[in-house]
A.B. asks: 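Quick one: the structure is below, and I'll ask about it shortly.
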Amino acid sequence: MALPATPAIARTARPLDGLRWEASGPPGPADGLVAEHLRLLGVQGDGHPGGRIALSGPDFGGITARTTWGDGAVDEATVQAATGIMAVHGRRDGTPRGLAADYTATATGVLTVQALLAGLLARARGGQVTSAEVSAERAGLLAVSQYLAAAGAEEAEAAELAPGGPPFTSADGVVFELETLDAGAWAAFWRALDAPSDAVRRGWRPFQFRYATACAPFPPALHDSARAHGWERVREAARSSGAEVCPLHTLTERTAEYDGAPPWRLTEHAASYSGAAERATVDAPLAGLTVLEAGRRIQAPLTAHLLGLLGAEVVRIEPPGGDPLRGMPPACSGVSARWLALNRGKKAVEVDIKSAADRERLRAMAADADVFLHNWAPGKAAELGLDHEHLSAANPALVYAYTSGWADRLPGAPMGTDFMVQARTGVGEAVRAVDEPPAPSLMTLLDVLGGLIGAEAVLAGLVLRQRTGAGVRVDSSLLGAADVLTAPARARAGQGLDPRRPAGFRRPSRTADGWIALPDDHSAIPHDLRDLSTAQALRRLRERGLVAVPVVTDLADLLSSGSISRDAHGAPAVPAPWRFA
């Protein structure tokens with residue numbers, strides 16, 4: 001029987017107030033991030049971070065989590081190489097290259113906090129979860145899951161995979177990102193900069209699909225047109241067309257304006273929860289909980305996908321006719337492989353939120369749900385009468401979750417999409433070594449990390465509700481994801497140090513038939529290996545006591561991995577990032 005949580009239980013300001021953590025063992029991925037997030041959630045810690053973390057305290061008993069790098073890979077660089085991250089991030093440049101930021105370690109740290117929260121929630125609801133294990137290698141596969149799904153689809157990509165993409169540079173040297181979701185605004189922007197009409201027409205499709213392909217081979221004439229005009233003219237072209245532009249900010253600039261806010265905000269709004277009836281299990285810590293998801297694109301759907309992997313029933317709210325992204329190529333059995341990567345296993349209900357009757361139907365559905373999750377444009381939920389105060393009126397115990405772009409933390413911010421947030425927050429510097437020009441990655445770094453942080457925030461909200469009986473509003477954002485990812489670089493900037501990594505950092509080395517990567521603690525390969533095959537190069541390095549891994553350059557090569565399965569549509573499916581026991 002689930003443990004009740006009522007207003008009679010002592011109120012707690014944070015989900016994990018009163019709990020303590022102890023760390024032991026050798027260092028694991030993102031130990032510092034795990035410790036910091038646990039501290040923000042209320043945990044008091046003992047000792048230094050380590051790869052094994054034990055939590056204990058009132059209402060929950062104890063649970064441990066262990067983080068590992070995975071099989072064959074030993075650190076950030078080798079995990080990026082082995083999971084295809086170097087390949088996807090390098091598509092814009094035409095060769096594989098590593099992200100200079102510790103992306104898989106950051107994702108692993110967030111997933112570890114998720115595992116601890118899910119395990120604690122399961123224990124409070126009568127489950128028997130005592131431990132969890134999180135692999136950085138599986139975190140890396142999760143990060144590229146959409147690209148991996150496309151590589152295993154029945155048909156080819158809808159847009160060319162070739163080098164190229166933003167940012168653009170104005171005549172006076174301002175490097176900027178461009179964003180619009182409207183073909184008319186795209187065309188009007190470039191017409192205002194006197195771009196050739198054929199280049200404008202040919203550039204739209206790669207621009208539109210860059211979120212899916214991680215590259216955008218534009219006609220060179222578009223870059224030429226941007227370089228022919230000063231920044232003020234570019235800004236005016238954006239204003240007149242309805243497109244948006246954002247100059248790339250530096251890490252030092254982001255450090256100076258950083259407000260110190262955590263990556264999520266939890267706000268209690270009522271008190272009536274008495275516990276879910278269905279008992280959690282080891283394999284499904286969230287069994288018996290229902291999540292309503294009205295999400296678009298990546299961020300919110302990934303948040304709900306993770307909650308579903310943890311055992312929640314996810315009901316996806318789609319517009320009449322279904323989510324148009326179901327048809328986004330390439331497909332498996334007629335369904336978008338990318339869409340399946342984020343939405344397989346979810347139920348779907350079509351709701352016309354423009355209809356008063358359907359909005360009332362959605363409110364009735366939310367009255368029986370545990371979580372309502374969306375990533376609508378700012379202000380849209382309130383305009384529709386579907387904000388947290390509207391839904392919590394019928395369901396005071398609701399965890400209402402909003403995954404946004406900016407969380408209202410940055411006045412005057414541009415459109416809250418992945419690449420614009422990367423540009424505005426200094427990510428373009430953080431992900432590239434000092435000998436590379438700053439440029440946001442065309443891999444959807446923040447949408448994915450924002451989805452992970454969204455799930456962490458929802459789990460924290462569910463734990464808080466379990467302890468206090470109060471419904472909770474949960475806010476997370478791409479801005480919060482960017483701040484988590486760039487925290488080490490901003491710390492260096494705050495100390496007056498160069499926040500960027502040194503020249504050649506995480507740059508793989510070519511062999512006769514591929515590429516190899518060394519761990520971060522080896523600054524360079526001591527021999528020229530271009531005349532050797534990858535197998536020969538690896539053997540020679542290992543004879544000299546050096547660890548190295550081949551760089552995955554074709555994601556299809558990962559499909560034969562024993563960890564990659566196929567779903568009912570035949571689409572590749574990456575494994576859950578945690579193991580519970």
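In this text, all values refer to a predicted model and were calculated from it rather than measured experimentally.
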A.B. asks: Any luck finding a side-chain donor-acceptor pair between Q44 and R20 under 3.5 Å?
C.D. replies: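 Distance-only check passes for Q44 and R20.
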A.B. asks: Say whether, by atom type as modelled, one donor and one acceptor occur between the side chain of R424 and the main chain of L248 under 3.5 angstrom.
C.D. replies: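 No: the side chain of R424 does not pair with the backbone of L248.
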A.B. asks: Could you pull out all residues at least two apart from E133 that satisfy side-chain hydrogen bond (donor to acceptor under 3.5 Å, both in side chains)?
C.D. replies: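 Only R66 meet the side-chain hydrogen bond (donor to acceptor under 3.5 Å, both in side chains) criterion with E133.
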A.B. asks: On the six-membered ring of F419, is R210 placed so that its NZ or CZ lies under 6.0 angstrom from the centre and within 45° of the ring axis?
C.D. replies: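 Because its charged atom misses either the 6.0 Å distance or the 45° angle limit, R210 does not stack over F419.
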A.B. asks: By the definition salt bridge (Lys or Arg N to Asp or Glu O under 4.0 Å), identify the one residue from R500, R507, R92 that meets it with E436.
C.D. replies: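 In the set R500, R507, R92, the residue that makes a salt bridge (Lys or Arg N to Asp or Glu O under 4.0 Å) with E436 is R507.
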A.B. asks: Treating R52 as the side-chain partner and T67 as the backbone partner, does any N or O pair qualify as donor plus acceptor under 3.5 Å?
C.D. replies: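 Looks like no, no N/O pair under 3.5 Å.
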A.B. asks: Donor-acceptor pair, distance only, cut-off 3.5 Å: does the side chain of R138 make one with the backbone of V134?
C.D. replies: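 No, the answer is negative, given that no donor and acceptor are paired below the 3.5 Å cut-off.
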A.B. asks: Will you find, in the side chains of S533 and D513, an N or O donor that is under 3.5 Å from an N or O acceptor?
C.D. replies: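 Looking only at side-chain atoms, D513 and S533 do not form any donor-acceptor pair under 3.5 Å.
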A.B. asks: Is a side-chain donor or acceptor of Q114 paired with a backbone partner of L452 at a separation under 3.5 angstrom?
C.D. replies: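 Between the backbone of L452 and the side chain of Q114 there is a qualifying donor-acceptor contact (under 3.5 Å).
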A.B. asks: Please check if any side-chain donor atom of D93 sits under 3.5 Å from a side-chain acceptor atom of T95, or the reverse.
C.D. replies: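 No - no donor-acceptor pair under 3.5 Å links their side chains.
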A.B. asks: Could you verify whether a donor N or O on one side chain and an acceptor N or O on the other, from E137 and W69, lie under 3.5 Å apart?
C.D. replies: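 Their side chains do not contain a donor-acceptor pair, so the 3.5 Å distance test is not met.
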A.B. asks: State whether the side chain of T303 and the backbone N or O of Q299 hold a donor-acceptor pair below 3.5 Å, judged by distance alone.
C.D. replies: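 Yes; judged by distance alone, with no hydrogens or angles, the pair exists.
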A.B. asks: Could you check whether any side-chain N or O of Q422 sits under 3.5 Å from a backbone N or O of S441, counting only pairs where one atom can act as donor and the other as acceptor?
C.D. replies: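 It does hold such a pair.
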A.B. asks: Measure from NZ or CZ of R227 to the centre of the six-membered ring of F168, then state whether that distance is under 6.0 Å and the direction lies within 45° of the axis.
C.D. replies: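 No, cation not above the ring by the 6.0 Å, 45° rule.
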